[in-house]
Amino acid sequence: MAVSWRSWLANEGVKHLCLLIWLSLNVLLFWKTFLLYNQGPEYYYIHQMLGISISGNCYPVQLYSQRRARPYEMRPFTFSGFKTVCATAMDGDNTVMGEDFLYNFFLFFCNSYLVGLCLSRASASVLNLNCSLILLPMCRTLLAYLRGSQKVPSRRTRRLLDKSKTLHITCGITICVFSGVHVAAHLMNALNFSVNYSENFLELNAARYQNEDPRKLLFTTVPGLTGVCMVVVLFLMVTASTYAIRVSNYDIFWYTHNLFFVFYMLLLLHVSGGLLKYQTNLDTHPPGCISLNQTQDQDIYSPEDFSEHFHGPLPEGFSKPEARNQKTLVKICLEEPKFQAHFPQTWIWISGPLCLYCAERLYRCIRSNKPVTIISVINHPSDVMELRMVKENFKARPGQYIILHCPSVSALENHPFTLTMCPTETKATFGVHFKVVGDWTERFRDLLLPPSSQDSEILPFIQSRNYPKLYIDGPFGSPFEESLNYEVSLCVAGGIGVTPFASILNTLLDDWKPYKLRRLYFIWVCRDIRSFQWFADLLCMLHNKFWQENRPDYVNIQLYLSQTDGIQKIIGEKYHTLNSRLIIGRPRWKLLFDEIAKCNRGKTVGVFCCGPSSISKTLHNLSNQSNSYGTKFEYNKESFS
Amino acid sequence: MGQIEWAMWANEQALASGLILITGGIVATAGRFTQWYFGAYSIAAGVLICLLEYPRGKRKKGSTMERCGQKYLTTVVKLFGPLTRNYYVRAVLHFLLSVPAGFLLATILGTVCLVIASVIYLLAAIRGEQWTPIEPKPKERPQVGGTIKQPPTNPPPRPPVEARKKPSVDEEEAASAGGPQVNPIPVTDEVV
């Protein structure tokens, strides 16, 4: 079926708009900075220094030169030499291009230093923007607060918060790419600094003598050394952040990513070097002015003398000095040019987000300092454990998740788990369900329950139960909180992905009237029939409650058993409601969407999925398709790793 | 930290360093700097490293994501046997390859990254990891007649199917019948 543009716009439009805004900000910044360094009059002398030396010859870096007296020394290239090269390239026919054009081309060639200078500054400004933006999506407490408060009334804006991790990854990739550009451009600058060293520009040049080895420049100046260290840190962080590493060895990703703090400290030092200087007294010494005391050293300041130093005749058509004098106003230099290093702009860009992030980490640290009290531990089939706890002043909304930290299991690791039961006004208990998959959860289970009693469902009564100390950080928001804010919601869970919806169901069990939700379609797909027992009691209680309140169509439960070996199965004898709603086989999503569209004409249905990515993709595609009943499906999903 | 497989990370790093070396080498050779032959060397070294590191090794536990189209290179890399299996060899090889590129400004970053990759490979080798190729799983042929486990026990003449199957059908009915669905609220139809 055709993708409806209306649905696509509702689902994807705002996301793409934000991407466009971010992209145009980057392009604007890049272009503005490039032009500033290319044409700004305060950089006139630095252009002079890098490109054109005292003898009026230019040293374009890319040109091929055969004789090398010393490394990094280039043969000067003159205009006549350039003309000869062009003539040989065109088989002696030099009349095709006029002298004017050739001269401008020559100047362009000489301006290769622009590539080094302007590109490095332009990429630096893009890096400023992205280094500051990249921290914002990681302020999770702030995002959770924005999600829940009335400060963000529009649902469309709240759905933007789901894409915070995508923004983080996009900014990260941009930082990598532009760091590469920045490094390449600065390497060329280093080369130019060393080759074009001249006595006239002692303040401007970073090199200390002619033909200083650029590698020494790289490793002995503060910006150079911090730059190299930053590249190494970035290399470590990026190679550990690929999808394959995150999926297989999450620890490597986590520990290397915490090096970001080192990166930011180095960045703050890197920009304090002050190597690039601009001219401050443009009014008293405009570039190209004539100094009244004309000495040999100051020849370079006058543009007329500039043309005399070219070896070879002046090309025709290029205005002679006398003519130029008549045309332009001649300015007289009142004083020597003064140079000053820029104030590090980067400090302004990144100080705000860095302080915000540090404040948030501090707040989270303080908040999670008190351990929780574990009330009960329940063993469920299929390697799932339930943990019930209390903590004072802990408030959470359904759909949020917490991060568990147990020093007895591992001092450094912490893991996120969705809350399956939130604290209410009457009951302060909250709980998580976790599946025992890796080594952390295995050891956690062994600490909570002695291994001998894990097989039996009935736990022996032990006089003193010594639970390990457990700290929680959170709660943090997730897109599943929105399911209570739609009039009709479709919640699809795969396996253990049912946990966010379990908290929603628990909340509805408590009191459903305050929320906007009036109909919930709950689809749960599992491989093993015993998995349904995790929440079988909850589902039956909910069903009974709605029957009692005469709203039997509020929750529509469908359970699917995707893998079967042909033997008839039931969930449990006492779960009548669930057995009659159990379907063997995989759900047929298209038919389900058609049925929901037909029964809820003209409404907006929120689609939530927590499960394998194949289901998620199918649901996403179906949400973007049109239907003949006027029902809109809005797809909500957070991008995890 | 006990179960980290360092080789996978070293593999990503070496691949990235190879690409950085190729880029730096292209810049150095195209610009015809002095000692541009170091640039040409680093292109060649980068290509070799990329080819060697492209096929991802198999993880000890769990499934490994293959890189796109890596099975062709896996067969080539497998041919070298212990030279490519052993991570000590790889660590030394990367270290030696990185040294000449350190002389040229354009490729110096590639050297630094490759040295880090070789250190991580050394760490992986010390912990006893090895490169095992990812073999394609043999396709399971559908077994014809797999459900026929045992020949019939009764000699002929055998009673018909219904007579034999009757007891199991009764058992199933008894198990699933927990009673008919009981409505929580008595439902009556109101006929006016």
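Hydrogens, waters and symmetry mates are skipped; everything else that's a heavy atom, side chains included, is used. Reminder, nothing fancy here: chain letters follow the sequence lines and each chain counts from 1.
Heavy atoms of B:R67 lying under 4.5 Å from chain A are absent altogether. Using a 4.5 Å cut-off between heavy atoms, B:S17 touches chain A through backbone and side chain atoms alike. The part of A:V183 that comes within reach of chain B is its side chain, from C-beta onward, which places non-hydrogen atoms under 4.5 angstrom from that chain. Proximity to chain B (any heavy atom under 4.5 Å) is restricted, for A:F219, to the side chain, taken from C-beta onward.
The environment of A:R551 atom CZ is dense: over 12 non-hydrogen atoms of other residues, nucleotides or ligands sit within 6.0 angstrom. Within a 6.0 Å sphere centred on CG of A:D553, heavy atoms belonging to other residues, nucleotides or ligands number more than 12. Other residues, nucleotides and ligands contribute more than 12 heavy atoms inside 6.0 Å of the NZ atom of A:K545. Applying the 6.0 Å contact sphere to CZ of B:F95 captures no more than 12 heavy atoms from other residues, nucleotides or ligands. Enclosure of atom NZ in B:K71 is not indicated, since only 12 or fewer non-hydrogen atoms of other residues, nucleotides or ligands lie within 6.0 angstrom. Within 6.0 Å of OH in B:Y88 there are more than 12 heavy atoms belonging to other residues, nucleotides or ligands.
From A:I252, atom CD1 reaches atom CH2 of B:W6 across 5.5 Å, with rounding to the nearest 0.5 Å. The CD1 atom of A:I245 sits 10.5 Å away from atom CE of B:M65, with the distance rounded to the nearest 0.5 Å.
Closest approach of B:A16 and A:T239 over heavy atoms only: CB-CG2, 4.0 Å.
Among the residues in residues 108-126 of chain B, those with a non-hydrogen atom closer than 4.5 angstrom to a non-hydrogen atom of chain A are B:I108, B:L109, B:V112, B:C113, B:I116.
Of the listed residues A:T242, A:N249, A:N579, the one with more heavy-atom pairs under 4.5 angstrom with chain B than any other is A:N249. Note on A:L236, A:V232, A:V231: by heavy-atom pairs under 4.5 Å with chain B, the leading option is A:L236.
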Original post:
Going through the checks in order, is the side-chain contact (heavy atoms from CB on, under 4.5 Å) test met by A:S248 and B:E5?
Top reply: CA-CA 9 Å; A:S248 53; B:E5 288 193 39; over 6 Å; no
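For residues 73-85 of chain B, the pairs satisfying side chain to side chain donor-acceptor pair (under 3.5 Å) are B:K78-B:E135, with sequence neighbours left out.
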